Amino acid sequence: MRLPRRTAAALAAGLLSSLAAAPSAAAHDPQPPARPTPAPTAEQTVKAMQPGWNLGNSFDAVGADETAWGNPVVTRDLIREVADQGFRSIRLPVTWGQHEGPAPDHTIDPAFLDRVEQVVDWALDEDLYVLLNVHHDSWTWAHELPSRPDEVTAQFTATWEQLADRFRDAPRTLTFESLNEPQFAGVDDAQGDALLHDLNAAFHDVVRSSGGNNADRLLVLPTLHTNAGQERLDALDATLAELDDPQLAATVHYYGYWPFSVNVAGGTRFDDVALADMTGTFDRVRSTFVDQGVPVILGEYGLLGFDRHTGTIEQGEKLRFFEELGHQARSAGVTTMLWDNGQHLGRASFSWSDDALWHQISSSWRTRSGTATTDQIFVRPGERTAQTVTLEPHGTRFTGLWLEGRRLQPQRDYVLAGTDLTLTTALLDRLTDEGRFGEQAELTARFSRGVPWTIDVVVADTPVLGGATGTTDAFSIPTDFRGDRLATMEARYDDGTNAGPHGWTSFKEFDVAFAPEDDAILLRPAFFAEVTDGAPVTLTFHFWSGDTVEYTVTRDGAAVIGTAAR
């Protein structure tokens, strides 16, 4: 608003009057009033949040309290450890519905809200940014928006009114995310986009109108399903344009190309198809948002198979995935927040379940690392011959091959031709004992920067499977792995059609349909649940050495008989 111009005489009169009324400078030296600190831009805030970590399966757990899904009580020491590990932000997923009272107020249990605030404060005290959200409410009640529009909108609004009120004066390093992985029952994606627009707009209105630091706090809006398909990105882009607020960011999630992410349909490797899926995701996000000045948070990333255990995906393949993801996120200017439901950083031990994975992830925040197309070399007894591994330098320079802290000799132990690293017959002869199966050496390929690449040297021969009887609830195939490692399993009926779950592919899902143990291969109940009674099924087990072994199982009601191929 423009102020009316004042005449010179009026200004002079006002100045003389002020001087006459004011005490002398010697008696009082007034300080100018402090100017309010301007809020950082959305881009500055999101950049400062890199890298981030999710406190998953704690406050988002659907149950009595934060331990309902198996994690221990969150401690201040854990939050301090997250900061010490190099993270600069924490995403705090919270499911509120089970802690809310009835309509119309939907009052959040004060004790639960106090507990969430306590953890928020711990994180802020550690100079961490916090991203607080409404989490599994997306599938416990918010998904009913199409059939109960008034009730769901009222609960969503009441939830954010209470959160906005509680945290209105919190520092701007606390940020809000409207709804995790939004989805809506009984509608197509186009209708879902429209419904999400309404919820995101309601969230924006509630928070901004609550005042305090909420007036310009960073707000994070998801796409439908937090999916990065172009139609989903375009729908959110339209919402952002309509809201016309510079303190907004977009969020999507990425768990990789699905067959690779869970190891199904033969997706054992981070191959060109999986790479193209990742590249397409980051290219779309960058061109739609980042290049247009809208910052993006990758609110969750990982591999879906990790929900069971990190061994679902072969070690080298998952390391290649995370190395590439870190590079693409940095190149696109996207802030990443690792999904951790307790499978990575121990909530009480504060140790990483897989140090090599952790080093690869954390290194990818800063630089590229050299990798290779495999981290396994298999030597068959009686067939020691030179073997070649193709390096993937990613702009680094190969500096040497090491064994137990000792540098190996070029030409004698290995030969490098372009990116082909050949391990000589002489080296493999020294490293392996043909009378003993299994891993016998661990070589380390080092590069000019980033983390080294480990190559296991394994003596292996074709596995031997034994006959077995059991039930659909408990069936185990006696297996002498003879040093080999199981990659995947196919299942077909005698007529060539696919057997078992995921009937569109012969390759079954690792650790869901089958799983290796020390001396057996387990067939899970989930596999037999979709096997025709009385119809023999030929299983083909694929091992990482390249060997395959066939086996036949037949169910008769709950009974199962297994026979090894002759």
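Values in this document were obtained by computation on a predicted structure and should not be read as measured data. Quick note: residue numbers are just sequence positions, from 1. Both backbone and side-chain heavy atoms feed into the values below; hydrogens, waters and symmetry mates do not.
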*Asks:* The test is salt bridge (charged side-chain N to carboxylate O under 4.0 Å, His left out); show your working for Glu81 and Arg76 and say whether it passes.
*Replies:* CA-CA 9 Å; Glu81 183 65 27; Arg76 184 162 198 160; over 6 Å; no
*Asks:* Who are the side-chain contact (heavy atoms from CB on, under 4.5 Å) partners of Gln118, not counting sequence neighbours?
*Replies:*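 So Gln118 forms a side-chain contact (heavy atoms from CB on, under 4.5 Å) with Arg115, Trp122.
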*Asks:* Does some side-chain heavy atom of Ile361 sit less than 4.5 Å from a side-chain heavy atom of Tyr301?
*Replies:*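 A side-chain contact under 4.5 Å exists here.
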*Asks:* Closer than 3.5 angstrom, by distance alone: can the side chain of Ser138 be matched with the main-chain N or O of Gln183 as a donor-acceptor pair?
*Replies:*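 Such a contact is absent between Ser138 side chain and Gln183 backbone.
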*Asks:* With a 4.5 Å cut-off on side-chain heavy atoms, are Val94 and Val134 touching?
*Replies:*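 Not in contact.
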*Asks:* Do other residues, nucleotides or ligands put more than 12 heavy atoms under 6.0 Å from Asp272 CG?
*Replies:*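 Not more than 12 within 6.0 Å, no.
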*Asks:* Please determine, by modelled atom types, if Glu324 and Gln328 share a side-chain donor-acceptor pair under 3.5 angstrom.
*Replies:*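 Looking only at side-chain atoms, Gln328 and Glu324 do form a donor-acceptor pair, the distance falling under 3.5 Å.
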*Asks:* Between Leu357 and Asp354, what is the shortest heavy-atom contact and its length?
*Replies:*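 Residues Leu357 and Asp354, closest heavy atoms: N-OD1, 3.0 Å.
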*Asks:* Do any pairs count as a ring-ring contact (aromatic ring centres under 6.0 Å, His included) and have a residue in residues 199-257, sequence neighbours left out, and if so which ones?
*Replies:*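 Listed by first then second residue: Trp160-Phe203.
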*Asks:* Between the side chains of Lys47 and Gln50, does any donor sit under 3.5 Å from an acceptor?
*Replies:*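 No.
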*Asks:* If a pair satisfies ring-ring contact (aromatic ring centres under 6.0 Å, His included) and one of its residues is in residues 267-293, list it, with sequence neighbours excluded.
*Replies:*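 Applying ring-ring contact (aromatic ring centres under 6.0 Å, His included) to every pair that reaches into residues 267-293, excluding sequence neighbours, yields Phe260-Phe270, Phe270-Phe321.
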*Asks:* Give a yes or no on whether a salt bridge exists between Glu323 and Arg320, defined as a side-chain N under 4.0 angstrom from a carboxylate O.
*Replies:*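 Looking at Glu323 and Arg320, the cut-off is not met.
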*Asks:* Might you work through the side chain to side chain contact (heavy atoms under 4.5 Å, CB included) test for Phe447 and Trp453, ending with a clear yes or no?
*Replies:* CA-CA 8 Å; Phe447 299 84; Trp453 182 257; 4.1 Å; yes
*Asks:* Any side-chain to backbone donor/acceptor pair from Glu161 onto Val206? Under 3.5 Å, distance only.
*Replies:*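 Absent.
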*Asks:* Could you check whether any side-chain N or O of Glu530 sits under 3.5 Å from a backbone N or O of Phe527, counting only pairs where one atom can act as donor and the other as acceptor?
*Replies:*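 Between the backbone of Phe527 and the side chain of Glu530 there is no qualifying donor-acceptor contact (under 3.5 Å).
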*Asks:* Looking only at heavy atoms, which two atoms of Val334 and Ile297 are closest? And how far apart?
*Replies:*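 Where Val334 meets Ile297 most closely, the heavy atoms are CG1-C, 4.5 Å.
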*Asks:* Who are the side chain to side chain donor-acceptor pair (under 3.5 Å) partners of Thr41, not counting sequence neighbours?
*Replies:*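 Applying side chain to side chain donor-acceptor pair (under 3.5 Å) to Thr41 gives Gln44.
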*Asks:* For the residue pair Arg449 and Gly395, what are the closest heavy atoms and their distance?
*Replies:*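 Here Arg449 and Gly395 meet closest at NH1-O, 3.5 Å.
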*Asks:* Within the supplied structure, the quantity of interest is the number of heavy atoms (other residues, nucleotides, ligands) at a distance under 6.0 Å from Glu231 CD; does it exceed 12?
*Replies:*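 12 or below, so no.
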*Asks:* Is there a side-chain contact between Glu300 and Glu181 in this structure, where contact means two heavy atoms from C-beta onward sitting under 4.5 Å apart?
*Replies:*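 Yes, side chains in contact.
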*Asks:* For Leu345, does its backbone N or O pair with a side-chain atom of Asp340 as donor and acceptor, under 3.5 Å?
*Replies:*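 Pair found, side chain donor or acceptor close to backbone of Leu345.
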*Asks:* What residues form a side chain to side chain donor-acceptor pair (under 3.5 Å) with Thr159, not counting sequence neighbours?
*Replies:*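 Result, side chain to side chain donor-acceptor pair (under 3.5 Å) vs Thr159: Glu100.
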*Asks:* Under a 3.5 Å distance rule, please check whether Thr95 uses its side chain to pair with a backbone N or O of Asp60 as donor and acceptor.
*Replies:*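 Flag set: sc Thr95 to bb Asp60 pair under 3.5 Å.
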*Asks:* Is a side-chain donor or acceptor of Asp169 paired with a backbone partner of Gly212 at a separation under 3.5 angstrom?
*Replies:*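 No; zero donor-acceptor contacts below 3.5 Å.
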*Asks:* Treating Asp105 as the side-chain partner and Thr107 as the backbone partner, does any N or O pair qualify as donor plus acceptor under 3.5 Å?
*Replies:*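 Flag not set: sc Asp105 to bb Thr107 has no pair under 3.5 Å.
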*Asks:* Applying side chain to side chain donor-acceptor pair (under 3.5 Å), name anything that partners Asp198, two or more places apart in sequence or on another chain.
*Replies:*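 In terms of side chain to side chain donor-acceptor pair (under 3.5 Å), with neighbours along the sequence ignored, Asp198 is linked to no residue.
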*Asks:* Going by atom types only, do Thr75 and Asp77 share a side-chain donor-acceptor pair under 3.5 Å?
*Replies:*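 Side chains of Thr75 and Asp77: no pair found under 3.5 Å.
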*Asks:* Return the set of residues passing side-chain contact (heavy atoms from CB on, under 4.5 Å) with Arg166 (not counting sequence neighbours), or none when no residue passes.
*Replies:*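 Per chain and number, Arg166 pairs via side-chain contact (heavy atoms from CB on, under 4.5 Å) with Leu113, Asp114, Glu117.
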*Asks:* Hydrogens and angles aside, do Asp375 and Thr454 bring a side-chain donor and acceptor to less than 3.5 Å of each other?
*Replies:*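 The criterion, which ignores hydrogens and geometry beyond distance, is not satisfied for Thr454 and Asp375.
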*Asks:* Would you say that Phe176 contacts Val220 through its side chain, given a criterion of any heavy-atom pair below 4.5 Å between the two side chains?
*Replies:*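 A side-chain contact under 4.5 Å is absent here.
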*Asks:* Taking 4.0 angstrom as the limit, do Arg286 and Asp283 come out as a salt bridge?
*Replies:*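 Yes.
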*Asks:* Would you mind listing every ring-ring contact (aromatic ring centres under 6.0 Å, His included) that reaches into residues 342-364, with sequence neighbours excluded?
*Replies:*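 Passing the test, one end in residues 342-364: Phe87-Trp358, Phe306-His344, Trp352-Trp358, Trp358-Trp365.
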*Asks:* For Arg88, enumerate each residue passing the side-chain contact (heavy atoms from CB on, under 4.5 Å) test, keeping only those at least two apart in sequence or located in another chain.
*Replies:*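 Arg88: side-chain contact (heavy atoms from CB on, under 4.5 Å) contacts with Ala48, Pro51.
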*Asks:* Verify the distance criterion only: is there a donor paired with an acceptor across the side chains of Arg168 and Asn214 at less than 3.5 Å?
*Replies:*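 No, because no side-chain N or O of Arg168 sits under 3.5 Å from a partner of the opposite role on Asn214.
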*Asks:* Which residues pass the side chain to side chain donor-acceptor pair (under 3.5 Å) test with Glu314, sequence neighbours left out?
*Replies:*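 Gln376.
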*Asks:* Is there a donor-acceptor pair under 3.5 Å between the side chain of Asn263 and the backbone N or O of Thr488?
*Replies:*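 Flag not set: sc Asn263 to bb Thr488 has no pair under 3.5 Å.
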*Asks:* Can you confirm whether Val296 sits close enough to Thr335 that some side-chain heavy atom of one is under 4.5 Å from a side-chain heavy atom of the other?
*Replies:*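 No, side chains not in contact.
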*Asks:* Any donor-acceptor pair under 3.5 Å linking the side chain of Arg284 with the backbone of Gly280?
*Replies:*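 Yes: the side chain of Arg284 pairs with the backbone of Gly280.
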*Asks:* Give a yes-or-no answer on whether the side chains of Glu177 and His135 include a donor-acceptor pair shorter than 3.5 Å.
*Replies:*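 Absent: no donor and acceptor within the cut-off.
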*Asks:* After noting the C-alpha distance and the side-chain angles of Glu392 and Thr373, does the key distance pass the side chain to side chain contact (heavy atoms under 4.5 Å, CB included) rule?
*Replies:* CA-CA 7 Å; Glu392 299 170 320; Thr373 54; 3.7 Å; yes
*Asks:* One thing to verify: whether Asp245 and Arg208 come together as a salt bridge, which I'm taking to mean a side-chain N less than 4.0 angstrom from a carboxylate O.
*Replies:*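 Yes, charged N to carboxylate O under 4.0 Å.
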*Asks:* Please report the closest heavy-atom contact between Arg368 and Thr396, naming both atoms and the distance.
*Replies:*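 Scanning both residues completely, I find the closest heavy atoms to be O-CG2, 4.0 Å.
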*Asks:* Mind checking whether Trp258 and His502 have parallel, tilted or perpendicular rings, split at 30° and 60°?
*Replies:*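 Perpendicular: the ring planes of Trp258 and His502 meet at over 60°.
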*Asks:* Checking Val130 against Thr175 for the side chain to side chain contact (heavy atoms under 4.5 Å, CB included) test, could you report, in this order, the C-alpha distance in whole Å, the side-chain angles of both residues, the deciding distance, and whether it holds?
*Replies:* CA-CA 6 Å; Val130 177; Thr175 65; 6.0 Å; no
*Asks:* Between Ser364 (side chain only) and His327 (backbone N and O only), is there a donor and an acceptor less than 3.5 Å apart?
*Replies:*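 No, because the side chain of Ser364 does not come within donor-acceptor range (under 3.5 Å) of the backbone of His327.
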*Asks:* Not counting sequence neighbours, which residues clear ring pair (Phe, Tyr, Trp, His ring centres under 6.0 Å) with Phe510? List them please.
*Replies:*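 Expected list: Phe514.
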*Asks:* For side-chain hydrogen bond (donor to acceptor under 3.5 Å, both in side chains), just list the numbers for Gln343 and Thr310, CA-CA rounded to whole Å, side-chain angles, deciding distance to a tenth of an Å, and then say yes or no.
*Replies:* CA-CA 8 Å; Gln343 80 274 59; Thr310 59; over 6 Å; no
*Asks:* With side chain to side chain contact (heavy atoms under 4.5 Å, CB included) as the test, would you mind laying out the steps for Asn200 and Leu236 before giving the verdict?
*Replies:* CA-CA 9 Å; Asn200 277 334; Leu236 178 59; 4.1 Å; yes
*Asks:* Can you tell if the side chain of Val252 reaches within under 4.5 Å of the side chain of Asn227, non-hydrogen atoms only?
*Replies:*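 No, side chains not in contact.
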*Asks:* Ion pair present between Arg80 and Asp125, side-chain N to carboxylate O less than 4.0 angstrom?
*Replies:*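 Salt bridge between Arg80 and Asp125, a charged N being under 4.0 Å from a carboxylate O: no.
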*Asks:* Could you work out, with side-chain contact (heavy atoms from CB on, under 4.5 Å) as the rule, every residue matching Pro72, not counting sequence neighbours?
*Replies:*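 With sequence neighbours excluded, Pro72 shows a side-chain contact (heavy atoms from CB on, under 4.5 Å) to Arg347, given in chain and number order.
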*Asks:* Quick one: closest heavy-atom pair of Leu195 and Val187, and the distance?
*Replies:*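 Closest approach of Leu195 to Val187, heavy atoms only: CD1-CG2, 4.2 Å.
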*Asks:* Between Val74 and Leu55, what is the shortest heavy-atom contact and its length?
*Replies:*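 So the two residues come closest at CG2-CD2, 3.9 Å.
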